[in-house]
Amino acid sequence: MKESSAKLVVEGLKEAGIKLITCLPESLLRPLYKMLRQDEFFKFVPVTNEGEGAAIAAGAWLGGMKAVLLMENSGLRVATEALSRLGLTYGVPVFMIMSHRGEIGEHNWWGIAHDLTMRPLLKAMHIPYIIVRKEEQIKDAIKRSIRHITTSMYHTAVVLSGETREE
Amino acid sequence: MKRYDCLKILSNYVKDDDLVVTSLGGLMDEWHNLRPSEANLPLHILGVISPLSLGLSIALPKKRIICIDTDGSLFLNIGALCTIGNEQPANLIIYVLDNECYECIGGYPTPSAGNTDIATIAKGCGIKGARTVNSEEQFEQESKKAFEGKGPSFIVCKIEPGTERYPAEKRIPWDGFELKYRFIRFIEKTEGITIKPPEERYDFRADEKKK
């Protein structure tokens, strides 16, 4: 991820009123973690797995604090049980930003399955998502996702792909 | 020690404004009958009770959050204790009702029936005051300390299996969505904030006038 993409994500989160970041580190999003950790605007909470991150973000949302779960797209597999129950049985939303491992052009063999499982999982849980491939789409995608969550009280996801995930 | 007797003592400490998140099973109806309130959130989501309570405590630092988790639920996401230990939420009181089994499915043992000690794990995660209670007297004593002191408090309650049975009219009548809305409307009312705003309305006439 380029510094310029990371800066746009940070600006987008601030403009959308996101205060809490729950996350697991991910190599593609490295510059973003650094910026978020150092920015006192945000409460940055590292977690032990993505299901836990979803639960903390959901609790914050119930308390009126907007939150994001930041992760690699493989984290969706770990978070599925928590997300299914929070969303489908309670209508408690979690906003997610994830890197797009496994998109066409992937360098790492172990990352291929991340895309193959991400799309059907998002579909199975009826989670609306935007795949962002250009930097100029980043802030708009975050803004729309947050508006959508407030209306639907259900999860949304922004997938950082294309030039927004490249070094 | 019976769960119901612990909850009865706890209900004397909980104030009207306190938010209470509970795990699932017979506990839900017992707590609902002891403390009927919109400020209760019973969750049918194993592994989510403690971390969701942490999220609430971060969002609402001036409100007291009481988390009533269970051994089976906590074990599904035991890593959450690391995060709670690192975050040190001062307004969070966690009870773990430890009956050493998955009672709902017939009593299959959890790790705490073997060599695992939940309070020791919590201490190792940095929740310094974590302790185990084995009697109602100890429960009362530790609850008093938790409600008077600064969190995070972490009390593991060794209880025997067993559930109070309630007739249909005394059981929780709401599903997850209604429980969620009751809970957030309570927070909106008591905190003076908006969590779920009304839909937007467009004033077409005003737009026409501008033209």
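Residue numbering restarts at 1 for every chain, and letters A, B, ... go by the order of the sequence lines. These numbers were taken from a predicted model, which means no experiment stands behind them.
Taking 4.5 Å as the limit, some side-chain heavy atom of B:I58 sits within range of a side-chain heavy atom of A:M65. Counting heavy atoms from C-beta outward, B:K196 and A:T150 have side chains that stay 4.5 Å or more apart. B:F177 places none of its side-chain heavy atoms less than 4.5 Å from the side chain of A:M153.
In this structure, the side chain of A:Y90 does not engage the main chain of B:E178 through any donor-acceptor pair within 3.5 Å. Judged by distance alone, with hydrogens and angles left aside, the side-chain atoms of B:K180 form no donor-acceptor pair with the main-chain N or O of A:L86 at under 3.5 Å.
With a threshold of 4.5 angstrom between heavy atoms, B:I45 approaches chain A through its backbone and through its side chain. Using a 4.5 Å cut-off between heavy atoms, A:L88 touches chain B through its backbone atoms (N, CA, C, O) alone.
Within a 6.0 Å sphere centred on NZ of A:K14, other residues, nucleotides and ligands contribute more than 12 heavy atoms. The environment of CZ in A:R30 is sparse: at most 12 heavy-atom neighbours from other residues, nucleotides or ligands sit within 6.0 Å. More than 12 heavy atoms of other shown residues, nucleotides or ligands fall within 6.0 angstrom of atom CG in A:N108. Taking a 6.0 Å sphere around NZ of A:K2, one finds it holds more than 12 heavy atoms contributed by other residues, nucleotides or ligands. More than 12 heavy atoms of other shown residues, nucleotides or ligands fall within 6.0 angstrom of atom CH2 in A:W110. Atom NZ of B:K145 sits in a crowded spot, with more than 12 heavy atoms from other residues, nucleotides or ligands closer than 6.0 Å. A 6.0 Å sphere centred on CZ of B:R182 holds more than 12 heavy atoms belonging to other residues, nucleotides or ligands. Within 6.0 Å of CD in A:E40 there are 12 or fewer heavy atoms belonging to other residues, nucleotides or ligands.
Of the listed residues (B:H44, B:E191, B:E199, B:E200), the greatest number of heavy-atom pairs within a distance under 4.5 Å of chain A belongs to B:H44. In terms of heavy-atom pairs under 4.5 Å with chain B, the best-connected choice from A:A82, A:A67, A:G53, A:A55 is A:A55. Heavy-atom pairs under 4.5 Å with chain B peak, among A:E81, A:K43, A:K66, at A:K43.
In this structure, the separation between CG on B:L54 and CD on A:E52 is 7.5 Å, given to the nearest 0.5 Å. In this structure, CG on B:L41 lies 6.5 Å from CG on A:L62, to the nearest 0.5 angstrom.
Identified by a heavy-atom distance below 4.5 Å to chain A, the contributing residues of residues 77-93 of chain B are B:N77, B:G79, B:A80, B:C82, B:T83, B:E87, in residue-number order.
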